[in-house]
K.L.:
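I have a structure I would like to understand better, so I am pasting it below and will then ask my questions one at a time.
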Amino acid sequence: MLIVPSSSKFTYQNLLDLNDSARATFSPLSVIAHIDINAYFAQYEQLRLNLTPKDPVVCLQWNSLIAVSYAAREYGVSRMDSLQTAKLKCPDLVVAHTAVFKKGEETWKYVDYLPQPVDHKVSLEPYRRESRKMMRFFKEFCDEVEKASVDECFMDFGRLIYSRMVALFPQLGEQQENPRETRLPPLPDQLPKELEDAPGLFIAKEDGQVSVCDWDDVAMLIGAHLGFDLRRKLKKELGYTTSLGIGRVKNIAKLASDFKKPNQQTTVFNDAIPAFFDNFSLTDFWSMGGKVGRQILQDLEVESGRHEVRYIKDNFSLEDLARELKDPQLAEKLYKMVRGELRQPINPRTDVKSMGSHKNFRGKSVSQSSDILDWFKVFVIDLILRLQELDDEIDTQRRPTRLTLYMRNSRNITSSRQCSFPLIRDLDEAKKKVEELSLRLLQELEEHWDTARAGPMYPSTHGGLAFSGFQEISGYSRIDELMKVRAVRRETTASPPPREPTTPTDEGNVCAQCGAEVAPAERAEHNDFHFAMALNDELNTQSYGERLLATRKREPDPPVPAKRAKRDANQKTLAGWSRKLR
DNA sequence: TACTCACAG
DNA sequence: GGCTGTGAGTA
């Protein structure tokens, strides 16, 4: 590796800013990472079914492939294939259908047949659950993480880089009288051994050399090592192969993680940014993939395809862009973007913003309001189970403040209706409330439906319910309530579930199944817990994926059903809906 | 606030 | 192409 020592362009303040999460993304020394799980859903299924990366696994949703493992891609299988064409290309294809809800049922599971859309709804909850696990893992590695989707996130490596830099180059840690005015010292003649053999591909600089010219290059180098460590750790602990990109802004990191796949990483030196952008079209950039990107190319009369980004950078001033695009904000964004200087902060976004459960209806299967009630049941339980997962995951509960009903008719006209949703801690209560309010929303929507403008509401082609306006509620009202939740959580993870659904025998206050101390008043609830665990076990039978090949190892825990007695009561309520509407 | 649209994976 | 999510625009 070529070292080119010269006086630094950067100041001590630039370095200090890395150590401040509010300023790091604006430092010229910034290092942002983007990580992406390769063919996520397919890889999840591969691990769930205890297969290897060599097995050609695909994830199926009805008849279409929603994820294709890299092993299956070797056979020419792509996301565009149907199940049938994919099997022609690869007879040994391992097909794992997503988990599903059966119409009218109250839980999702992996099933041992090929489910049909007319009476099933896909559940993506296993992937979301695993995603949350991975995000926790990333959060432990790095203090500033932005979840970008279910299988990718951005990280600001600023603090990690700062610490490594000061540790490796002690003179960088020396206090300065005037850090804003004081330049960093020149690079040493040799880099420490730890930074040699940097993992991952380096984008060559403009002159074709990989050379380290200034401290920003050193920061990138450390970033590459951090990225490699992160990927190795994730592979070891959770089993996933990933692609990763390192660059000075989010945009570059994102393009870089996509550049070499699977199981590889790319680091873009700052000097190499223009050369790196030559590999892409403007429409490959985040937020430019749709109309906006196309419109810009048209307004600027840029020929699509050949080094558009470099062309825009070299031929348009900020004023030119503002004039041609007639949108000063967009012009500024583009001006910075083509220079790799669009510095968007990491948005921690730890909290859920909204949560929806939707379904497209086939043919005329939903041709009157009574037809949709069984689907409502699925939407409701889907949402409630997901609220419960949130509760289980973090100690502060979050609750939605709005409920929205969506419907679409055969002319593809969508209408929605919202209402505020009361703050209810208890999920069984909340469930009843959703049932009640969604019914009311449906009636209101039917009343307000503008048949003259939109045509008839039925047959409906789409329906769904969504929670939004999530708020954190003040936490647990009593400390012992919190302790109880924690104790149950320990049990569910630590003790093996019973094989048979059995009733605990009466032996004082000690549960015969798990030996836990249970007060008589809580006995019923405790038994429900065992019932739920046993039911889970029962549901964990063979699935469509594994029947074709393997033995199961990493089956996800299906959702814990709501308490039995209350569920029966709710079924009565649901039956009531149908009567009310007929 | 109510609703729609654009964009993304 | 189906499903899920975020953010911005509009009235």
Side-chain angles (χ1 to χ4, degrees), chain A residues 34-44 59-68 78-83 97-101 108 115-118 120-128 131 146-154 243 250-251 254 257-258 261 283-295 327 329-330 333 344 347-362 375 378-379 382-383 386 400-408 412-421 441 444-445 448-450 453-454 461-470:
Chain A
H34 180 266
I35 189 167
D36 187 300
I37 315 294
N38 301 137
Y40 174 46
F41 291 3
Q43 214 182 154
Y44 176 91
C59 177
L60 189 71
Q61 176 178 274
W62 314 138
N63 232 353
S64 18
L65 311 188
I66 54 174
V68 180
S78 89
R79 263 172 58 114
M80 292 297 114
D81 280 302
S82 65
L83 178 57
H97 197 284
T98 64
V100 288
F101 288 97
W108 54 258
Q116 294 302 309
V118 66
H120 291 79
K121 171 175 160 36
V122 162
S123 171
L124 302 179
E125 190 57 25
Y127 311 129
R128 284 193 287 261
S131 172
E146 174 177 338
K147 177 174 181 170
S149 79
V150 72
D151 71 333
E152 54 182 300
C153 71
F154 292 97
S243 295
K250 282 163 72 173
N251 235 313
K254 168 92 172 129
S257 73
D258 212 41
K261 297 189 291 188
T283 49
D284 294 329
F285 282 59
W286 177 261
S287 79
M288 294 288 148
K291 288 181 179 178
V292 173
R294 280 200 303 278
Q295 188 63 45
D327 179 344
Q329 277 189 10
L330 182 62
K333 181 176 168 185
Q344 294 163 312
N347 176 0
R349 205 163 36 203
T350 45
D351 32 333
V352 183
K353 292 247 168 34
S354 68
M355 188 185 273
S357 184
H358 300 256
K359 164 137 188 89
N360 289 345
F361 306 125
R362 308 292 175 98
W375 288 118
V378 169
F379 297 151
D382 187 12
L383 292 175
R386 283 158 65 183
T401 58
R402 300 202 68 72
L403 179 71
T404 310
L405 167 72
Y406 295 88
M407 293 293 278
R408 182 153 72 223
N412 251 356
I413 292 174
T414 304
S415 188
S416 63
R417 196 145 182 102
Q418 310 191 345
C419 65
S420 62
F421 192 79
L441 286 174
E444 286 181 18
L445 199 64
H448 287 80
W449 189 273
D450 187 350
R453 186 185 65 86
T461 57
H462 176 100
L465 285 175
F467 280 143
S468 60
F470 276 83

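These numbers come from a predicted model, not from an experiment. Every heavy atom of this structure was used, including side-chain atoms; hydrogens, water molecules and symmetry mates were not. Labels below follow one simple rule: chain letters A, B, ... track the order of the sequence lines, proteins then strands, and each chain is numbered from 1.
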K.L.:
In residues 400-407 of chain A, what donor-acceptor pairs under 3.5 Å come from side-chain atoms, sequence neighbours left out?
P.N.:
residue	atom	partner	partner atom	Å
A:Thr401	OG1	A:Gly469	O	2.8
A:Arg402	NE	A:Gln418	OE1	2.9
A:Thr404	OG1	A:Gln418	NE2	3.4

K.L.:
Identify whether any heavy atom of A:Arg386 sits under 4.0 Å from a base atom; if not, whether one sits that close to sugar-phosphate; answer base, sugar-phosphate or nothing.
P.N.:
sugar-phosphate
K.L.:
Output the single nucleotide from C:dG2, C:dG5, C:dG1 whose closest atom is nearest the side chain of A:Arg79.
P.N.:
C:dG1
K.L.:
The criterion is side-chain hydrogen bond (donor to acceptor under 3.5 Å, both in side chains); which residues satisfy it with A:Asn251, sequence neighbours excluded?
P.N.:
none
K.L.:
Looking only at N and O atoms, is any donor in the side chain of A:Arg128 or the base of C:dG5 less than 3.5 Å from an acceptor on the other one?
P.N.:
no
K.L.:
For a quick check of understanding: with a heavy-atom distance under 4.0 Å over all strands, which category does A:Met355 fall into, base, sugar-phosphate or nothing?
P.N.:
sugar-phosphate
K.L.:
Just jot down the side-chain contact (heavy atoms from CB on, under 4.5 Å) partners of A:Ser131, sequence neighbours excluded, or say none.
P.N.:
A:Tyr40, A:Met135, A:Lys147, A:Val150
K.L.:
Report yes if a side-chain nitrogen or oxygen of A:Arg408 is closer than 4.0 Å to either non-bridging phosphate oxygen (OP1 or OP2) of C:dG2; otherwise report no.
P.N.:
no
K.L.:
Of all residues at least two apart in sequence or in a different chain, which pass the ring pair (Phe, Tyr, Trp, His ring centres under 6.0 Å) check with A:Phe154?
P.N.:
A:His34
K.L.:
Would you say a side-chain N or O of A:Asn347 is under 4.0 Å from OP1 or OP2 of C:dT6?
P.N.:
no
K.L.:
List in chain and number order the residues that pass side-chain contact (heavy atoms from CB on, under 4.5 Å) with A:Ser64, two or more places apart in sequence or in another chain; answer none if no residue qualifies.
P.N.:
none
K.L.:
C:dG1 phosphate, OP1 or OP2: any side-chain N/O from A:Asn360 under 4.0 angstrom?
P.N.:
no
K.L.:
Using a 4.0 Å cut-off on protein heavy atoms (strictly under), produce a 5'-to-3' string for nucleotides 3-9 of chain B with B for base contact, S for backbone-only sugar-phosphate contact, and - for none.
P.N.:
SS-SSSS
K.L.:
Answer whether the closest heavy-atom distance between the side chains of A:Asn360 and A:Thr461 falls below 4.5 Å.
P.N.:
no
K.L.:
Given C:dT6, C:dG1, C:dC3, which nucleotide is nearest the side-chain atoms of A:Ile66?
P.N.:
C:dG1
